[in-house]
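Below, read A as the first sequence line, B as the second, and so on, with proteins coming before strands; counting in each chain starts at 1. Note that the structure is predicted; figures quoted are calculated from it, not measured.
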There are 2 protein chains.
Amino acid sequence: MDQPVRHDSMRARNLALVLGEVSRGGPLTRAALAEATGLTKTTVSKLVGDLLDARMVTEAAAVRDGERGRPGVAVSLSGDHLGALGLEINVDYLSVCVMDLTRSVRLRRTQAVDNRYSISTDVARKLRKLALEAVDEAGLTIGGAVLAVPGPVDPARGLLHGAPNLGWRDIRPAELLDLPVPVAVDNEANLAALGELWFGSGAPDFLYVSGEIGIGAGLVFGGALFRGTRGFAGELGHVVVDPGGPPCRCGGQGCLERYAGQDALLQAAGLLPFGTDAEPVGGRGPAGIATLVERLRAGDGRALDACEQAGRALGVALISAVNLLDPGTIVLGGVFAPLFPWLSGPAARSLSRIGHAAPRLEVSAVGPDAASLGAAAQVIEQMIANPATHLSRA
Amino acid sequence: MDQPVRHDSMRARNLALVLGEVSRGGPLTRAALAEATGLTKTTVSKLVGDLLDARMVTEAAAVRDGERGRPGVAVSLSGDHLGALGLEINVDYLSVCVMDLTRSVRLRRTQAVDNRYSISTDVARKLRKLALEAVDEAGLTIGGAVLAVPGPVDPARGLLHGAPNLGWRDIRPAELLDLPVPVAVDNEANLAALGELWFGSGAPDFLYVSGEIGIGAGLVFGGALFRGTRGFAGELGHVVVDPGGPPCRCGGQGCLERYAGQDALLQAAGLLPFGTDAEPVGGRGPAGIATLVERLRAGDGRALDACEQAGRALGVALISAVNLLDPGTIVLGGVFAPLFPWLSGPAARSLSRIGHAAPRLEVSAVGPDAASLGAAAQVIEQMIANPATHLSRA
DNA sequence: GATATTAAGTCCATAACGTAGACTAAATCA
DNA sequence: TGATTTAGTCTACGTTATGGACTTAATATC
């Protein structure tokens, strides 16, 4: 931000401008790019030339749209050369994906592993193997990776402050991975929000609510994440729903997580005994939720009640979130996605008591690998925003 | 953001870089500026020349710090030419201040007026008169103005959505004022937060809580305001403290405002009857609060209880705010400032139940005209960030 | 089918700006 | 007094975008 502008950064900026336009606007001719960016045709031609040399864009066949005049040559992102790696460590699985510059997923690998109270170096070794195989197979030049972890992260220092469900504290996962590309680390909810941004409904401003064992939220504004001072923003799970409510492991009382977290839901539905670490009926995680959905479909009263209560609490927490953050819409993801038909009604009723227009509640359109998709997409976004660093004639 | 970079914008950017450094780092020689910005001495000299021509900076006498070598000429912001206007319309008063480029307040004018359920054009006329007199007297070239109003604003369109305590709805106050300079409009809490930023403790990241009739909050991040999608962010007053609590005029139940808003406080302390529009003992506004402070000092039990309750509720709301926004510190302003000794204890106790380290609670160091100071400072910041628009040789 | 028209893309001369290093100015040190 | 050191200016140069002329490749018109 407080860097001087020299000729080279001027060029870098304009290069990013052109590439960004290509990325957003699909295949465009040089003339259309000049129009869109406000640069002259001459300049655009030179910039596109550099991008072609760097294999970041390709020329398609001439565009003949039936108009008079010489047809333009469409320039579009090239998926053949550069790629990005998305990684995820979560409680029940490891996940890897390789994405090309066009944001197409080239390859996915998921490995079911129980990482509860695991040793971080072991997990890292497994993920490393998975990642290297995937990169090898995809055959792209990987420019970087982002790793999603289930806990608060300081992205600037790559520090995972703590992942309660893994039993990890103050770890630098990027160093453990030791991959031959730069690895950034971020929170799972944040990256799932980015996954929703790129592969979901397409809204540019929303609050993504990630229902997992804990409840997180990623706030996306104009296509960028809002992180807070220390990267702890979006801890929706510990918003107070009832100050006289039951105690929470965070030290507080009446946190949302105690009403709408996965364990609370399963307990209320009678699928998980009230001792925290017991094994639930139908298994924890996806399986437990699948059982819950079955019972909801069957009209089980206890299950329906559990969702009613959870939805209402979620709505109350969202009132606070809307008043403080003013998100465009609210997207429910994670385990809230399959439960959406039963949660959204009560949540919307709570939420509607807000003064001004309440934002819409939507289901996440992405799915369980939102975080690793978002992670890879984040790398791609960086590449498109900084094409100069990938130019061959550095 | 998606503008092409040409030679002129390159220059504009570097000009802003140099001026920003002068603004932050106090008087600096050209050599020191070259060091700080990363530009060459030649370039800095040329840029400083332009800034001198525009009378945005002045040269002081040579700096002789006892070192060897030719002494440098200190360049500092000039307070003699450009200035900014800060305006505020609030429930009990109108306020105007003129500030020069160095952020020194040149002139303040406050006029006590009861603006409850007033006619907007009348109020605008009074403020216009006050503003024109102030500008005339200050004798500076005014580059712009910002107006603080007590209600949610869309700053991009200059639209005040509603000011319940004034009885206004969907108004464009800048047009009513009809001043000969561009007038931007913003929320009072936001601008008070900026006032705190420039004239308070100096922290770059904090949540400013503005206790007035309503309770607002301005979130400052790295010296910039966070506004939310529609500019409604920071409505701390309607964060839910108790979902079973009393109804609020916003349509919700158990909002913070019902526990810690000025009227709620005065009512709980027995200084305001429970009919909303009755006249309180000792007067509403500052006078009412002054009476409350007196009673607190005297050890009045009802007053102490009122603050205890309000503080506790405030703390609960702040737990949610901290979890969602992750502010660096929390600054209490408005009527919360004089009540700080009695509020901060209970609030901090509620807040300390948060999992990770709770941010510090501080008193606002600014005072009641934080909003108009922040408004003027906002204009100055714009001028310093865009010096090219004020260059004579346009 | 030949020619005019239209639009895409390239070429070339020019202008703006920052850089690098030489140069001048003004102080302290010995 | 002269050497040294630092501030600031001057000059030649390189990079980049611009604007308009030019080339290319299509459609439209006769």
Side-chain angles (χ1 to χ4, degrees), chain A residues 3-18 21-22 27-53 57-76 387-388 391 393-394, chain B residues 3-18 21-22 27-53 57-76 387-388 391 393-394:
Chain A
Q3 288 289 83
V5 182
R6 277 179 271 262
H7 291 120
D8 54 347
S9 41
M10 175 161 131
R11 185 162 194 91
R13 181 79 185 71
N14 286 338
L15 219 35
L17 196 66
V18 167
E21 209 62 46
V22 171
L28 286 168
T29 65
R30 289 166 174 77
L33 282 169
E35 174 84 13
T37 57
L39 294 162
T40 59
K41 286 190 296 178
T42 311
T43 306
V44 169
S45 273
K46 274 191 281 188
L47 294 170
V48 168
D50 283 1
L51 292 172
L52 282 168
D53 287 349
V57 298
T58 36
E59 288 182 327
V63 177
R64 50 185 76 193
D65 43 2
E67 306 258 327
R68 288 171 77 136
R70 173 178 169 178
V73 178
V75 173
S76 50
L391 252 49
R393 46 146 218 165
Chain B
Q3 289 289 85
V5 182
R6 277 179 270 264
H7 291 124
D8 53 347
S9 41
M10 174 159 129
R11 186 163 195 92
R13 181 77 186 74
N14 287 338
L15 220 35
L17 196 66
V18 168
E21 209 60 47
V22 171
L28 286 168
T29 64
R30 289 167 174 77
L33 282 169
E35 175 85 11
T37 57
L39 294 161
T40 59
K41 287 190 295 178
T42 311
T43 306
V44 169
S45 273
K46 275 190 279 188
L47 294 170
V48 168
D50 283 1
L51 293 173
L52 282 168
D53 288 349
V57 298
T58 37
E59 287 182 327
V63 177
R64 49 186 77 194
D65 43 3
E67 305 258 329
R68 288 171 76 135
R70 172 177 169 180
V73 178
V75 173
S76 51
L391 254 47
R393 45 144 219 165

Output a table of nitrogen or oxygen pairs between the protein and nucleotides 28-30 of chain D separated by less than 3.5 Å.
unit_1 : atom_1 : unit_2 : atom_2 : d
D/dA28 : O4'    : A/R68  : NH1    : 3.2

Identify the heavy atoms of B/Q3 and A/R13 that sit nearest to each other, and give their distance.
O-NH2, 4.0 Å

Across all chains, not counting sequence neighbours, the side-chain contact (heavy atoms from CB on, under 4.5 Å) partners of A/A74 are A/P27, A/A60, A/V63

Hey, does the side chain of A/S45 come within less than 4.0 Å of C/dT10's phosphate (OP1/OP2), counting only N and O?
yes

Classify the side chain of A/T42 and the base of D/dG19 as holding, or not holding, a donor-acceptor pair under 3.5 Å.
yes

Name the residue closer to the 5' end of DNA chain D, choosing between B/A32 and B/G69 according to the nucleotide with the nearest heavy atom.
B/G69

Could you tell me which residues satisfy side-chain hydrogen bond (donor to acceptor under 3.5 Å, both in side chains) with A/S45, sequence neighbours excluded, listed by chain and number?
none

Would you tell me if any nitrogen or oxygen in the side chain of A/R6 comes within less than 4.0 Å of OP1 or OP2 on D/dG14?
no

Backbone N/O of B/P4 and side chain of A/N14: donor-acceptor pair under 3.5 Å:
no

Residues 28-43 of chain B vs salt bridge (Lys or Arg N to Asp or Glu O under 4.0 Å), sequence neighbours excluded, gives B/R30-B/E59

Quick one: side-chain hydrogen bond (donor to acceptor under 3.5 Å, both in side chains) partners of A/T43, sequence neighbours excluded?
A/T40

Where is the tightest heavy-atom contact between A/L52 and A/T58, given as atom of each residue plus distance?
CD2-CA, 3.9 Å

If you go through the side-chain atoms of A/H7, does one of them form a donor-acceptor pair with the base of D/dT15 closer than 3.5 Å?
yes

Pick base, sugar-phosphate or nothing for A/V73, based on heavy-atom distances below 4.0 Å to the nucleic acid.
sugar-phosphate

Under 3.5 Å, which N/O atoms of the protein pair with N/O atoms of nucleotides 21-23 of chain D?
none

Looking for any heavy atom pair under 4.0 Å, which part of the strands does A/T43 touch: base, sugar-phosphate only, or nothing?
base

Using OP1 and OP2 only, check whether a side-chain N or O of B/N14 sits under 4.0 Å from C/dG18.
yes

